[in-house]
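Contents: one structure, followed by commentary.
Computed over heavy atoms, backbone and side chain alike; hydrogens, waters and symmetry mates excluded. Just so it is clear, the structure is predicted and the values come from calculations on it, not from any experiment. Counting begins at 1 with the first residue of the sequence.
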Amino acid sequence: MRSPARRSPPSDAELHARLAARIEALEDRVRQLEVRVRGGAVARRVRIPVGPVRQKTAAPRTSNRPQPRCPGCTLELPPGRKGEACVWCGFQFDAVRSRKRKG
């Protein structure tokens with residue numbers, strides 16, 4: 001059986017030349033990406049709406065009241081009717097007494 005041929009380690013000059021070429025290629029790619037990003041930003045700023053201007057719809061109202069949480073996993077329960085068990089962890093709500101609301 002023949003042993004695999006070993007390569008001699010590259011000389012410092014050869015290694016330096018390869019690294020310099022890779023760095024230059026990476027710098028070129030970065031420059032190209034910067035041009036693309038700048039071009040996209042300019043295109044968004046210059047864009048003129050065509051047709052009637054639409055009004056923004058009102059954002060959904062958020063209440064200051066905290067959402068009900070599961071006593072088992074403490075995650076917020078989804079809006080709507082509360083079932084018999086937590087949708088996240090399966091905690092049975094009838095296992096604890098309901099608290100009186102503050103206020």
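Atom CD of Glu24 and atom CG of Leu19 lie 13.0 Å apart (nearest 0.5 Å). Separating the CD1 atom in Ile23 from the CZ atom in Arg18 is a distance of 13.0 Å, to the nearest 0.5 Å.
Under the 4.5 Å side-chain heavy-atom criterion for grouping Ile, Leu, Val, Met, Phe, Trp and Tyr, Val96 is connected to Phe93 within one hydrophobic cluster.
In this structure, Arg31 and Asp28 have side chains that are in contact, with non-hydrogen atoms separated by less than 4.5 Å.
Heavy atoms of other residues, nucleotides or ligands lying less than 6.0 angstrom from CG of Asp94 number more than 12.
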Cut-off 3.5 Å, no hydrogens considered: what does the side-chain donor-acceptor table look like for residues 70-91, sequence neighbours left out?
{"unit_1": "Trp88", "atom_1": "NE1", "unit_2": "Glu76", "atom_2": "O", "d": "2.9"}

